[in-house]
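Everything numeric here is computed off the predicted structure, so don't read it as measured data. In this chain, numbering begins with 1 at the start of the sequence shown.
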Amino acid sequence: MVTGLGERIALFFVRLMGRSSLGLGYGMTLTDLAPAPVTPSTTACSGAMIATAMAANPIIQSTASDQGVEVSWAKWAVAAIVPGLISLAVLPWPIYKIFPPELKETPEAPAETVRRLAERGPMGRGEWGHGGHLRVANLVIWMGVGSLWLKVPGAW
């Protein structure tokens, strides 16, 4: 399904942060982060539903279970949110310093995104549906895996 929602999200962040290549890097990171928790994909579905998204996950889950600790999707998300957000906030800067781009300033990028957003007009029905209803449904289902109301064999 192609609705243009991803492009609209990218344009939003470029408009906010796009005056430099470092800002563009942060903007693109946020563009990927914004829909990530509710984006259906093979990796995301298996990571959320089955403890085999990474080879160590079943071992970690078994070890935790032996110690009386239940590992659910929600508990994993809560434990991962702080280091994940710190990594997203901190890592672009050292990468920018280690591998400096040739073009460091992009003052025209925010104005260009305003023009492109104006061309696109208001959000359409497909963007609202794809960005709202379907993604909220995905998030509710994924968070419910392994809970009392949704049991899936092999799920966290």
Exercise for review: Check Glu7 against Arg116 and note the closest heavy-atom contact, atom names and distance.
Suggested key: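 For Glu7 versus Arg116, the nearest heavy atoms are OE2-NH2, 2.6 Å.
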**Study point:** Minimum-distance pair of heavy atoms, taken over all atoms of Phe13 and Leu30
**Key:**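 Nearest pair, atom of Phe13 first, then Leu30: CE1-O, 3.6 Å.
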Check your understanding: Would you find more than 12 non-hydrogen atoms of other residues, nucleotides or ligands less than 6.0 Å from Arg8 atom CZ?
Key ->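 Counting other residues, nucleotides and ligands, CZ of Arg8 exceeds 12 neighbours.
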Pairwise distance [atom1]([X]) to [atom2]([Y]) - rounded to 0.5 angstrom:
X: Glu102; Y: Ser21; atom1: CD; atom2: OG; answer: 10.5 Å
X: Met28; Y: Ile9; atom1: CE; atom2: CD1; answer: 10.5 Å
X: Thr113; Y: Leu16; atom1: OG1; atom2: CG; answer: 8.5 Å
X: Arg115; Y: Leu11; atom1: CZ; atom2: CG; answer: 10.0 Å
X: Ser62; Y: Gln67; atom1: OG; atom2: CD; answer: 10.0 Å

Check your understanding: Distance-only, no hydrogens or angles: does the Tyr26 side chain make a donor-acceptor pair with backbone N or O of Met17 under 3.5 Å?
Key ->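 No, the answer is negative, given that no donor and acceptor are paired below the 3.5 Å cut-off.
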Practice item. Spell out, yes or no, whether Val82 and Leu33 are grouped together once hydrophobic residues are joined by side-chain heavy atoms under 4.5 Å, including indirect joins. Key: yes
Review point. Are Val90 and Leu22 joined in one hydrophobic group, where the rule is that I, L, V, M, F, W and Y side chains link up if heavy atoms are under 4.5 Å apart?
Key: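 Val90 and Leu22: one cluster.
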**Study point:** side chain to side chain contact (heavy atoms under 4.5 Å, CB included) between Arg19 and Leu24, intermediate numbers included
**Key:** CA-CA 7 Å; Arg19 294 194 186 287; Leu24 286 172; over 6 Å; no
Extract all donor-acceptor atom pairs below 3.5 Å that involve side chains of residues 92-101 and protein atoms in other chains or at least two apart in sequence.
none

**Study point:** Criterion side chain to side chain contact (heavy atoms under 4.5 Å, CB included) on Thr106 and Val14, from CA distance to verdict
**Key:** CA-CA 10 Å; Thr106 54; Val14 169; over 6 Å; no
**Study point:** Residues which pass side-chain hydrogen bond (donor to acceptor under 3.5 Å, both in side chains) with Arg15, listed by chain and number, not counting sequence neighbours
**Key:**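 Counting only residues at least two positions away or on another chain, Arg15 forms no side-chain hydrogen bond (donor to acceptor under 3.5 Å, both in side chains).
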